[in-house]
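Structure record follows, encoded as structure tokens.
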Amino acid sequence: MDAPATLTLPTPIPPTPTGLFIGGRWREGSGGPIGVEDPSTGEIFAAVANATVGDAEEALDAAVAAQEEWAAVPGRERGEILRAAFEGIIREREGFAALIGLEMGKPRADALAEVTYGAEFLRWFAEEAVRIEGGFATAPEGGLRILTMKQPVGPTLLITPWNFPLAMATRKVGPALAAGCTAILKPAAQTPLTALLFAAVMQRAGVPNGVLGVLVTSESAQVSSALLADQRLRKVSFTGSTPVGRLLTAQAAPNLQRVSMELGGNGAFVVLEDADLDRAVAGAMVAKLRNGGQSCTAANRFLVHERLAGEFSRRLASAMDAVTVGPAADPDTEVGPIVDGVQRERVQALVGGALESGADALCAPRPLPECGHFVAPTVLARVPADAPILAAEIFGPVAPVVEFADDAEALALANDTEHGLVGFVFGSDIDRCLTFAEGLRTGMVGINRGVVSNAAAPFGGIKQSGLGREGGPVGIEEYLDLKYVAA
Ligand code: NAD
């Protein structure tokens, strides 16, 4: 086994590779090194290899060369490798969580939750690798047997964002490898080390050379367009912003590569007139503050019945005031920094715009650490319906509240967005909540709960939030072609 050039980081983080992972080997990149910033301090603490288009072409050559043999590996064996990788991650649970904290700013409890969630995709798809089934039927008029079989789509490109650096990778690599596809993972440049440590775990778990490659690059656009221009690549699965998703879908069109798109959200969190306020506030805290609001499934707009809005906003603001904001490494921290200065300024500008348009900030002012990219958790009451913050994906710990008069108005407001990833509804009458859930134009709905993600459930959006589903029994289908054999 080729030994990677590793970085020694604070305990409990295991030695972490910094190279590119191509054809089962760790190597230098052809571009100048990429610095990795700790968002809690603003300091660059590591440098990793940077892939150019030439490196990417080599990674594709390796993925293509390994494809046939990997597809022929029995499902049980593919599953056992994924299972070993699941166990490898769980063994290094604390180390992965600390690394995610270091490069992404995620506090320990959130980071541990991501590791558990992320590892689970490997266990889930290890179990799915042995259930890739075909079918047999006879044509209604007789004289024809209809056989169906599922086969891997071929080499895949998997592009992931910075906000869940482990889970977004396992949610794609798990099903791709379980289906018998080879994969090139391109993580976000802000959070490359988690993906590289994950690749080291996969290598130790026995993934054959070329089946998984990892390319960190500062030239994402050039690398991915070069790979998509090569028709040997058969699929791109992307998690990230809607504009980049549109671009990649267009780039996949000439070669008709299959696409899975997990894009932005603008989730409504609806508190119906009969909601239990304690439950709604507890749900709002999770839906808003998990990962400091930097989640595609974060509640973005709080739509609250006019009778409850004042009380809900006050209670949410006092719960937010009680939260400890600080560096990810501090054990008391509940909300960490925003991932980088650009994102922090974007969030601050959205808050400033809402205040100018007449909204009130309800949280008490608090001192924030001087270094790093911190934003104070904030509730914005009486936000006008046309404020830009309601149309943007906030990606920060900010909760704008809008009042409504009845369920019909709430549904119209909730659906008044180009996005359709997730919605949340809180109410005491389950029938009423289910009716509301049926009316929401989203791929997912949480009823009286602020988190919906689970490896066993189909995750994904409609409208401008994406195409396809990850996780659940359908997740592996994104990586399988259906073949019909007439006999
Ligand atoms: P982003 O679109 O800027 O980047 C995502 C990935 O795409 C990164 O790896 C980045 O390097 C790469 N990339 C950027 N420009 C590219 C280009 N022109 N061509 C090819 N690749 C390119 O998004 P982000 O800021 O890293 O992540 C936040 C976004 O991700 C939010 O919109 C969030 O809602 C979304 N997201 C969606 C889900 C989901 O499952 N629906 C999950 C997490 C995050």
Side-chain angles (χ1 to χ4, degrees), residues 34 39 48 50-51 53 56 103-104 106 114 117-118 121 157-172 184-192 194-195 214-229 233 236-252 259-267 290-300 338-340 342-344 346-347 392-396 417-422 442-444 451-455 457-472 475 478:
I34 299 176
V48 297
N50 186 0
V53 167
E103 68 175 352
M104 200 257 131
K106 199 172 287 201
E114 176 180 350
Y117 173 59
F121 284 102
L157 171 61
L158 312 176
I159 304 178
T160 53
W162 47 262
N163 63 344
F164 288 87
L166 178 66
M168 296 302 98
T170 56
R171 204 164 81 172
K172 296 186 190 305
I184 300 169
L185 172 64
K186 197 219 75 64
Q190 293 97 324
T191 54
T194 306
V214 181
L215 297 174
V216 180
T217 179
S218 61
E219 299 173 3
S220 291
Q222 293 88 329
V223 160
S224 57
S225 61
L227 291 173
L228 283 162
L233 185 82
V236 58
S237 176
F238 172 74
T239 296
S241 60
T242 297
V244 176
R246 288 190 191 110
L247 193 75
L248 291 167
T249 304
Q251 287 175 357
V259 295
S260 298
M261 292 286 146
E262 295 287 351
L263 309 179
N266 183 357
R290 190 171 68 113
N291 206 14
Q294 301 172 100
S295 162
C296 58
T297 53
N300 212 51
I338 300 290
V339 73
D340 59 29
V342 176
Q343 293 286 343
R344 185 201 54 212
R346 213 184 44 77
V347 176
E393 195 177 15
I394 302 170
F395 249 54
T417 164
E418 63 172 12
H419 293 292
L421 189 60
V422 68
T442 57
M444 300 175 285
V451 180
V452 296
S453 306
N454 188 289
F459 187 105
I462 60 171
K463 295 162 69 181
Q464 310 287 317
S465 289
L467 297 168
R469 294 293 178 267
E470 291 188 319
E478 302 278 321

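Just follow the structure's listing: the first ligand is 1, and inside any ligand the first atom is 1. Side-chain atoms are counted along with the backbone in the values below, which use heavy atoms only and exclude waters and symmetry mates.
Within the 4.0 Å heavy-atom cutoff, Gln294 does not count among the residues contacting ligand 1. Distances shorter than 4.0 angstrom occur between a heavy atom of Pro187 and an atom of ligand 1. Ligand 1 lies nowhere less than 4.0 angstrom from a heavy atom belonging to Phe164.
Judged purely by distance below 3.5 Å, without hydrogens or angles, the side chains of Glu103 and Thr194 pair a donor atom with an acceptor atom. Side-chain contact, Ser220 with Lys186: a donor N or O sits under 3.5 Å from an acceptor N or O.
The heavy atom nearest to atom 3 (O) of ligand 1, considering only Ser241, Ala298, Ala195, is found in Ser241. Nearest to atom 6 (C) of ligand 1 by heavy-atom distance, out of Thr160, Val339, Thr217, is Thr160. Of the candidates Ser220, Ala188, Ser453, Cys296, the one placing a heavy atom closest to atom 13 (N) of ligand 1 is Ser220.
Counting protein heavy atoms only, atom 15 (N) of ligand 1 is closest to Val244 CG2, 3.6 Å. Of the protein's non-hydrogen atoms, Arg171 NH2, 2.8 Å is the one closest to atom 40 (O) of ligand 1. Protein heavy atom nearest atom 25 (O) of ligand 1, with residue, atom name and distance: Trp162 NE1, 3.1 Å. For atom 7 (O) of ligand 1, the closest non-hydrogen atom of the protein is Phe238 CE1, 3.1 Å. For atom 35 (C) of ligand 1, the closest non-hydrogen atom on the protein side is Gly240 O, 3.2 Å.
Here the closest heavy-atom approach between residue Thr239 and residue Pro161 is recorded as O-CD, 3.2 Å. Contact between Ile462 and Thr442 at its shortest, heavy atoms only, is CD1-N, 3.6 Å. In terms of heavy-atom proximity, Ala392 sits nearest to Asn300 at O-ND2, 2.5 Å. Here the shortest heavy-atom pairing between Ala226 and Val53 reads CB-CG1, 3.6 Å. Heavy-atom minimum distance, Asn291 versus Asn163: ND2-O, 3.0 Å. Closest of all the heavy-atom pairs between Val452 and Val422 is CG2-CG2, 4.0 Å.
Under a 4.0 Å criterion applied to the non-hydrogen atoms of Phe395, ligand 1 contributes the atoms 28 (C), 31 (C), 33 (C), 34 (O). Atoms of ligand 1 lying under 4.0 Å from at least one heavy atom of Asn163, given by number and element, are 43 (C), 44 (C). Counting the atoms of ligand 1 from 1 in the order shown, those under 4.0 Å from a heavy atom of Ile159 are 6 (C), 7 (O), 9 (O), 12 (C). The Pro161 neighbourhood of ligand 1 comprises atoms 26 (O), 27 (O), 43 (C), 44 (C), with distances under 4.0 Å to a heavy atom of that residue. Short contacts between ligand 1 and Leu421, defined as distances under 4.0 Å to a heavy atom of the residue, involve ligand atoms 41 (N). Short contacts between ligand 1 and Phe459, defined as distances under 4.0 Å to a heavy atom of the residue, involve ligand atoms 39 (C), 40 (O).
Neither the backbone nor the side chain of Arg346 has any atom closer than 4.0 Å to an atom of ligand 1 (non-hydrogen atoms only). Counting heavy atoms under 4.0 Å from ligand 1, residue Leu247 touches it through the side chain alone. The backbone of Leu263, and not its side chain, has at least one atom closer than 4.0 Å to an atom of ligand 1 (non-hydrogen atoms only; backbone = N, CA, C, O). Contacts of Glu393 with ligand 1, taken as heavy-atom pairs under 4.0 Å, involve the side chain alone. Residue-level proximity to ligand 1 for Ser224 is carried by the side chain, the only part with a heavy atom below 4.0 angstrom. Within the 4.0 Å heavy-atom criterion, the part of Met168 lying near ligand 1 is the side chain and not the backbone.
The structure places CD1 of Ile159 at 9.0 Å from NZ of Lys172, a figure rounded to the nearest 0.5 Å. Note: Phe238 CZ to Leu263 CG = 6.5 Å, rounded to the nearest 0.5 Å. Going from atom CH2 of Trp162 over to atom CE of Met104 covers 5.0 Å, rounded to the nearest 0.5 Å.
An N or O contact shorter than 3.5 Å is missing between Ser465 and ligand 1 by distance. At under 3.5 Å, not a single nitrogen or oxygen of Thr239, backbone or side chain, sits near a nitrogen or oxygen of ligand 1.
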Show, in sequence, the C-alpha distance, side-chain angles and deciding distance for Thr242 and Glu393, and conclude whether the side chain to side chain contact (heavy atoms under 4.5 Å, CB included) test is met. CA-CA 10 Å; Thr242 297; Glu393 195 177 15; over 6 Å; no
Step by step, would you call Gln464 with Arg246 a side chain to side chain contact (heavy atoms under 4.5 Å, CB included)? CA-CA 9 Å; Gln464 310 287 317; Arg246 288 190 191 110; 2.8 Å; yes
With side chain to side chain contact (heavy atoms under 4.5 Å, CB included) as the criterion, how do Arg290 and Thr297 come out once you've worked through the C-alpha distance, each side chain's angles and the decisive distance to 0.1 Å? CA-CA 10 Å; Arg290 190 171 68 113; Thr297 53; 3.2 Å; yes
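Ionic pairing of Glu478 and Arg469 is not present here: no N-O contact between side-chain nitrogen and carboxylate oxygen is shorter than 4.0 angstrom.
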